[in-house]
A.B. asks: 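A single structure is presented below for examination.
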Amino acid sequence: MHIVKRLFALAASLALSACATTPQSHELIWPVADEPLGANEIVLTDSSASMLGNKANLGILQVRVRFTESNYAYQIAFSASDRGAEPNFQDIYQVTVRFVDPNLNLDLEPFTFAGGQTVLGSEGREYIVSTWHWHAEHYLAVNEPDSDYATLIDISSVQSRVNNILRGLPTWRETSGSAKPIGMYFTNRRDWAAFSGIKRRKANTLTGESALAAFEDPESVYTQYFGERHGAKVAEANRKKAAEAANQAYRTFIYQSFVQLTLTDKVKKGKCPSLPYMLRSYDPPAEWYRQGDVAVTRANCLTELVNSYDPTPLISAYERNLDQESKLYASTYGIERFSLEDALDTVSQVVRDIKIAGERAQALYDGGDYWSERNQQRKADQARQAQAMRGLVQGLQSLDQTLQAQNRQTEANVRRLQAQAFNRPQTSTVNPKQPSALLPQPIPKKSLDAPKASEAEAEKVAGNTSQSKDAPETPPANTVNAKTINDTEQHTCWSPSPHCLVVGSEWSQMSEGRIIVTYRNACDRRIVVKKCNERSDGSADCGTGGIRGGEAVKWATSNATGRYAYNMIGVDNPNKDWVCMGRTENWRDQPLWNN
């Protein structure tokens with residue numbers, strides 16, 4: 001019983017490898033054990049079948065060819081891999097064999113697995129094996145290329161290929177052994193089954209015992225199965241060719257006598273505008289209305305033609321020339337006859353076109369209304385968003401003023417606490433030989449000569465983790481030797497090494513007089529940095545912020561002199577920055593520029 005796992009996953013244009021493949025470790029032989037290969041047979045194999053553009057292994061494909069110097073028949077065997085699928089027995093397939101020699105190409109189409117069998121190969125794999133196939137068109141291409149039917153269907157395109165493969169197969173078999181690895185395309189032609197060429201080739205293919213009989217006695221079998229059918233097709237083609245002059249005479253008479261009097265011809269000459277398309281969107285929305293006007297113009301144009309059309313001249317001409325029409329048509333072959341009924345029915349067809357044009361116009365006008373309202377709504381939304389943004393900015397400005405007042409109060413409290421601390425005994429546990437842990441180690445200050453500034457406002461830039469191109473190449477440091485301030489309140493203040501802060505500056509390339517200073521924390525622990533740039537009026541543009549280990553920030557000032565200064569303290573707990581800053585010497589003093 002045939003087992004179909006799922007529809008064969010080889011759609012149109014899905015193919016096997018186009019070049020020679022490497023056989024598996026075991027020898028691939030024809031899987032049907034009771035059918036040994038004959039002296040005039042060869043098995044062509046592709047041991048790793050794959051789709052075109054996809055390297056997934058779909059399984060093993062084998063083609064068994066029985067051949068003479070002028071004739072051949074073949075079978076197909078397929079064994080699916082884990083990623084492959086057994087073929088559908090109702091579908092049509094094609095195998096294209098690509099030999100190493102580019103002239104040795106063999107197209108086997110169309111074939112099916114209908115009537116085949118499921119067998120177990122000698123290596124333990126399950127195969128789907130088709131019946132024998134024989135193609136009359138390939139036989140004619142080699143043996144009767146000048147026959148009437150071969151000339152009619154023009155088999156010259158396959159003639160050279162089939163001749164080459166039949167001449168090459170004997171030598172190919174002698175040099176390759178009983179089984180030869182080879183590249184083959186394997187394509188599912190289900191979607192192509194309705195094409196006239198595929199239908200014709202399928203009708204000219206024999207399978208099973210008939211195919212083997214055609215291999216043994218091709219001339220007799222061809223005459224039996226195809227002689228009468230092909231002869232009738234040739235006769236029909238010859239009659240069409242002989243009647244071509246009569247066909248043209250009939251067409252000319254019909255146009256001059258009848259067609260010029262039909263509504264169809266009047267509509268063609270009226271040149272009414274074409275029906276507009278319904279696009280997803282027209283831009284601007286006014287285009288919707290313009291296209292709607294085109295549809296209305298078409299409807300009015302067709303209406304005018306229908307209202308002004310009089311079928312009486314056509315009916316009179318037909319009655320007057322009916323005998324002549326009948327005589328001329330009797331000499332034609334294979335063309336459609338003029339019908340007065342169909343010509344008069346054109347009126348109802350044009351009326352339907354008028355209705356369609358009216359409906360299209362209404363749809364376009366509705367579309368214009370929709371997009372106009374939507375644009376108005378979008379503008380209203382944008383206005384509301386702008387108003388909300390202005391309110392947000394005002395709120396942020398008010399909040400900033402409140403925070404500044406709070407910071408000034410906090411600084412006053414810190415200075416008061418520091419003043420009180422001088423009146424209490426110190427209890428530091430730092431080694432007296434080392435610098436006081438309450439103060440950070442000396443911090444380098446850097447300066448840069450710069451042209452006079454030109455901008456009026458300072459710009460603050462943060463979040464860039466890349467070091468400036470002018471930054472000194474200070475080796476990265478860690479916090480192994482950093483000293484922790486005795487901090488009973490668990491604020492985790494610590495004194496960073498000078499190497500923890502890598503500083504560099506650059507002048508803006510876009511605005512002369514704008515300085516950007518980059519501060520990078522080269523240590524593992526968090527530090528707080530006070531950053532100041534000098535403005536051209538002598539004031540200091542300062543800011544304070546934390547920098548996590550390995551990260552960097554930039555401090556930018558416009559209308560600057562190019563001088564800058566900084567101070568730092570280590571703070572692990574961001575909530576206690578102000579406590580640790582208060583313990584740092586000169587933290588809130590005016591910066592000392594390097595002159």
Side-chain angles (χ1 to χ4, degrees), residues 29-45 61-78 92-97 99 104-117 119 127-147 149-150 153 155 158-174 176-180 182 184 186 198 200-231:
I29 61 175
W30 191 246
V32 184
D34 57 352
E35 293 184 11
L37 298 182
N40 61 338
E41 292 183 351
I42 185 174
V43 174
L44 310 173
T45 71
L61 179 66
Q62 300 193 74
V63 179
R64 177 180 181 177
V65 185
R66 183 177 297 179
F67 61 91
T68 66
E69 61 184 16
S70 62
N71 193 18
Y72 74 91
Y74 66 92
Q75 283 181 286
I76 306 290
F78 179 76
I92 296 174
Y93 297 93
Q94 173 185 357
V95 166
T96 301
V97 182
F99 292 87
L104 298 181
N105 296 331
L106 179 60
D107 292 326
L108 307 175
E109 66 159 347
F111 80 90
T112 71
F113 287 95
Q117 57 180 327
V119 301
Y127 285 83
I128 302 296
V129 183
S130 74
T131 62
W132 287 95
H133 287 70
W134 181 86
H135 299 305
E137 294 186 10
H138 289 185
Y139 165 75
L140 292 177
V142 175
N143 299 277
E144 301 181 30
D146 298 325
S147 64
Y149 183 75
I153 64 174
I155 60 176
V158 299
Q159 182 179 359
S160 60
R161 286 182 292 160
V162 176
N163 272 317
N164 286 340
I165 197 68
L166 289 175
R167 283 194 295 265
L169 278 175
T171 303
W172 187 262
R173 186 185 190 287
E174 291 174 3
S176 65
S178 59
K180 176 64 181 178
I182 199 167
M184 289 181 282
F186 190 26
I198 297 294
R200 187 196 73 232
R201 288 192 288 273
K202 183 179 180 182
N204 290 330
T205 298
L206 296 177
T207 60
E209 295 299 325
S210 300
L212 292 177
F215 175 79
E216 298 295 336
D217 188 3
E219 185 176 356
S220 298
V221 173
Y222 175 80
T223 301
Q224 175 186 352
Y225 285 94
F226 305 107
E228 183 177 352
R229 187 197 312 168
H230 290 178

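These numbers come from the heavy atoms of this one structure, side chains and all, not from hydrogens, waters or symmetry mates.
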A.B. asks: So which atom in Trp132 and which in Ala73 form the shortest heavy-atom distance, rounded to 0.1 Å?
C.D. replies: CZ3-O, 3.7 Å
A.B. asks: Apply the side chain to side chain donor-acceptor pair (under 3.5 Å) test between Asn204 and each candidate in Trp134, Tyr149, Tyr139, Tyr222; give the one that qualifies.
C.D. replies: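 The single option meeting the side chain to side chain donor-acceptor pair (under 3.5 Å) with Asn204 is Tyr149.
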A.B. asks: Do Val142 and Asn71 have side chains that get closer than 4.5 Å, going by heavy atoms?
C.D. replies: no
A.B. asks: Show, in sequence, the C-alpha distance, side-chain angles and deciding distance for Asp217 and Ser220, and conclude whether the side chain to side chain donor-acceptor pair (under 3.5 Å) test is met.
C.D. replies: CA-CA 6 Å; Asp217 188 3; Ser220 298; 2.8 Å; yes
A.B. asks: Measure the shortest side-chain to side-chain distance between Asn40 and Tyr72 over non-hydrogen atoms and say whether it is less than 4.5 angstrom.
C.D. replies: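 With C-beta onward as the side chain, the pair stays apart.
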A.B. asks: Using side-chain heavy atoms (C-beta onward) and a distance below 4.5 Å, is Leu140 in contact with Pro145?
C.D. replies: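 Side-chain contact under 4.5 Å: no.
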A.B. asks: Classify the ring geometry between Tyr74 and His133 as parallel (under 30°), tilted (30 to 60°) or perpendicular (over 60°).
C.D. replies: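 Because their plane-to-plane angle is under 30°, the rings of Tyr74 and His133 count as parallel.
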A.B. asks: Closest approach of Pro31 and Val129, non-hydrogen atoms and distance?
C.D. replies: CG-CG2, 4.2 Å
A.B. asks: Quick one: closest heavy-atom pair of Leu166 and Ser70, and the distance?
C.D. replies: CD1-C, 3.7 Å
A.B. asks: With no hydrogens and no angle check, is any side-chain donor or acceptor of Thr223 less than 3.5 Å from a backbone partner on Glu219?
C.D. replies: yes
A.B. asks: Calculate, to the nearest 0.5 Å, the distance between atoms CZ and NZ belonging to Arg200 and Lys202 respectively.
C.D. replies: 14.5 Å
A.B. asks: Test side-chain contact (heavy atoms from CB on, under 4.5 Å) on Phe113 and Thr131 and set out the steps.
C.D. replies: CA-CA 7 Å; Phe113 287 95; Thr131 62; over 6 Å; no
A.B. asks: Given Arg66, which of Glu216, Glu41, Gln75 fulfils the side chain to side chain donor-acceptor pair (under 3.5 Å) condition?
C.D. replies: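 The side chain to side chain donor-acceptor pair (under 3.5 Å) with Arg66 is passed solely by Glu41 among Glu216, Glu41, Gln75.
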A.B. asks: In Å and rounded to the nearest 0.5 Å, what is the CG to CG distance from Asn143 to Asp146?
C.D. replies: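 It is 12.0 Å, given to the nearest 0.5 Å.
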A.B. asks: Quick one: does Ser130's side chain have a donor or acceptor within less than 3.5 Å of a partner on Ile76's backbone?
C.D. replies: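 Such a contact is found between Ser130 side chain and Ile76 backbone.
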A.B. asks: Can you tell me if Ser147 uses its side chain to pair, donor with acceptor, with the backbone of Glu144 under 3.5 Å?
C.D. replies: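 Yes.
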A.B. asks: Main chain of Val221, side chain of Gln224: is a donor-acceptor contact present, judged purely on distance under 3.5 Å?
C.D. replies: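 Judged by distance alone, no pair lies under 3.5 Å.
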A.B. asks: Side chains of Val63 and Val65, heavy atoms from C-beta outward: is any pair under 4.5 Å?
C.D. replies: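 Of all side-chain heavy-atom pairs linking Val65 with Val63, at least one is under 4.5 Å.
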A.B. asks: Roughly how far apart are Tyr127 OH and Leu61 CG, rounded to 0.5 Å?
C.D. replies: 10.0 Å
A.B. asks: Give the intermediate values and the outcome of side-chain contact (heavy atoms from CB on, under 4.5 Å) for residues Glu137 and Arg201.
C.D. replies: CA-CA 7 Å; Glu137 294 186 10; Arg201 288 192 288 273; 3.4 Å; yes
